[in-house]
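In this text, all values refer to a predicted model and were calculated from it rather than measured experimentally.
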Amino acid sequence: MTGIDRPDTPYLGVPSGGAATPAGTRCRVEVDDSSAVVRLSGVLDPAATDTVRDALLARLCDRPGPIVADVTGLRVDEPPGRGVFAQVRREVADWPAADLLLCDPAVSAPGTADTTFAGVPAWPTLDGALAALAATPLAAVLTVDLPPTVEAARQARDLVATGCRNWGMPTLTEPAQIAVTEMVNNVVVHARTVMNVRLAPYDNTLQLSVRDHSPRWPTFAGMSPPTRAGGRGLLLIDTMARRWGTSVVPDGKVIWCVLHPDDEATTLG
């Protein structure tokens with residue numbers, strides 16, 4: 001598999017401190033560290049889709065908020081490559097404050113679904129795409145990097161309490177604290193890496209995520225017998241959250257969940 005996380009692959013340098021692209025790849029990925037833009041150029045063929053997916057997900061992990069993929073200099077060599085942008089957008093749909101937009105000169109009207117790239121919203125100019133991002137400010141996002149220590153869960157709960165108070169979501173404070181505690185403890189006990197905790201409101205829901213740097217996949221076996229000790233972390237998340245899941249990203253994973261106030265009267269009542 002061609003991907004930006006292969007340690008044995010030689011890399012081409014990229015200007016302005018951006019992410020690198022594997023040498024020999026016909027699709028080039030450049031990340032602008034000072035903005036939300038990821039520039040793609042060259043040829044997008046099936047062999048390059050993993051590289052593109054990994055680069056976009058890595059940027060969405062590193063930077064809160066939506067990003068813009070500028071495909072002005074990109075040519076689609078084969079139809080299967082077109083779906084990678086829609087795949088990434090679906091993957092991050094329930095991440096806190098995450099989305100993918102396109103800058104594609106081929107679109108006929110700003111903000112319309114791009115037929116070339118499977119319905120991802122697109123703007124014909126980069127200025128237009130960035131203006132669309134500016135219209136949805138990210139002041140509501142809260143994020144913190146934490147070490148894998150016993151204090152991490154408490155700090156994550158404090159962050160959740162602050163967010164729920166600031167955003168007028170008091171009924172979600174307790175379930176969100178339970179969920180984030182289990183997500184963080186999973187990292188402390190199993191992944192044992194530094195982590196990033198992120199939360200943001202979306203409509204009337206609360207989105208939570210914890211990103212770590214371990215490939216170890218969490219397992220969920222459903223309901224466990226009352227005599228079983230431990231192993232209930234994912235069960236608690238499943239009970240509290242309307243939706244939850246795990247996304248594979250370069251150098252690790254993101255565990256995310258979405259909480260809705262309408263669910264909590266039944267869950268905690």
Side-chain angles (χ1 to χ4, degrees), residues 33-36 57 59-68 89 91-101 121 130-188 193-212 233-234 236-247 249 252-269:
D33 289 336
S34 64
S35 75
L57 288 178
R59 188 56 175 155
L60 285 159
C61 284
D62 293 341
R63 181 186 184 278
I67 64 172
V68 175
R89 193 165 189 252
E91 189 72 52
V92 305
D94 288 319
W95 290 16
D99 199 1
L100 175 65
L101 309 179
L130 292 175
L133 292 189
T136 54
L138 297 175
V141 181
L142 291 178
T143 182
V144 64
D145 293 321
L146 298 173
T149 64
V150 293
E151 288 296 310
R154 180 189 59 77
Q155 292 174 278
R157 287 193 296 270
D158 290 345
L159 189 73
V160 165
T162 298
C164 289
R165 182 174 60 251
N166 291 348
W167 305 326
M169 296 179 164
T171 60
L172 291 180
T173 302
E174 183 179 350
Q177 286 182 322
I178 293 172
V180 81
T181 296
E182 299 305 327
M183 295 160 75
V184 167
N185 283 343
N186 180 73
V187 178
V188 173
T193 71
V194 295
M195 70 192 88
N196 175 264
V197 179
R198 188 174 297 170
L199 60 148
Y202 180 72
D203 291 334
N204 59 343
T205 68
L206 180 67
Q207 298 173 318
L208 291 171
S209 71
V210 177
R211 189 261 204 269
D212 65 46
L234 294 182
L236 283 171
I237 296 171
D238 185 68
T239 301
M240 298 296 168
R242 176 162 289 196
R243 295 184 300 279
W244 68 276
T246 305
S247 303
V249 299
K253 61 185 176 294
V254 174
I255 303 177
W256 55 266
C257 69
V258 179
L259 295 97
H260 194 289
D262 290 349
D263 301 335
E264 306 314 322
T266 300
T267 302
L268 298 175

Legend entry - Side-chain heavy-atom pair Asn166, Thr162 within 4.5 angstrom cut-off: yes
Inset, instruction - Output the distance between atom CG (Leu236) and atom CD (Glu182), rounded to the nearest 0.5 Å. - result: 5.0 Å
Inset, instruction - Report yes if some heavy atom in the side chain of Val188 is under 4.5 Å from a heavy atom in the side chain of Met195; otherwise report no. - result: yes
Inset, instruction - Taking all non-hydrogen atoms of both residues into account, name the closest pair between Trp167 and Ala200 and its distance. - result: CH2-CA, 3.8 Å
Legend entry - Shortest non-hydrogen contact from Cys257 toward Leu259: SG-CD1, 3.8 Å
Inset, instruction - Identify the two heavy atoms, one from Gln207 and one from Ala97, that lie closest to each other, and give their separation to 0.1 Å. - result: OE1-N, 3.7 Å
Legend entry - Heavy-atom closest pair, residues Val184 and Ala152: CG1-CB, 3.6 Å
Legend entry - CG on Leu172 to CE on Met240, rounded to 0.5 Å: 11.5 Å
Legend entry - Polar side-chain atom of Arg59 near backbone of Ala36 as donor-acceptor pair, under 3.5 Å: no
Inset, instruction - State which residue, out of Asp262, Asp263, Thr205, fulfils the side chain to side chain donor-acceptor pair (under 3.5 Å) condition with Arg242. - result: Asp263
Inset, instruction - For residues Asn196 and Thr143, determine if any side-chain heavy atom of one lies less than 4.5 Å from a side-chain heavy atom of the other. - result: yes
Inset, instruction - Provide the closest heavy-atom pair for Leu199 versus Leu208 in the form atom of the first, atom of the second, distance. - result: CB-CD2, 3.4 Å
Legend entry - Contact check, side chains of Trp256 and Arg198, non-hydrogen atoms, under 4.5 Å: no
Legend entry - Euclidean distance, Ser209 OG relative to Met183 CE, rounded to 0.5 Å: 6.5 Å
Legend entry - Value rounded to 0.5 Å, distance of CD1 in Ile237 from CD1 in Ile255: 6.5 Å
Legend entry - Side chains of Val254 and Cys61 in contact at under 4.5 Å (non-hydrogen atoms): yes
Inset, instruction - Could you tell me which non-hydrogen atom of Pro66 sits nearest to which non-hydrogen atom of Leu133, and how far apart they are? - result: CB-CD2, 3.5 Å
Inset, instruction - First locate atom CG of Leu159, then atom CD of Gln177, and finally report the distance between them rounded to the nearest 0.5 Å. - result: 10.5 Å
Inset, instruction - Report yes if the side chains of Val194 and Asp145 come closer than 4.5 Å at any heavy-atom pair, otherwise no. - result: no
Inset, instruction - To the nearest 0.5 Å, tell me how far Asp62 CG sits from Leu57 CG. - result: 11.0 Å
Legend entry - Residue pair Val258 / Tyr202, side-chain heavy-atom distance below 4.5 Å: no
Legend entry - Validation row: Gln155, Val144 side chains within 4.5 angstrom (heavy atoms): no
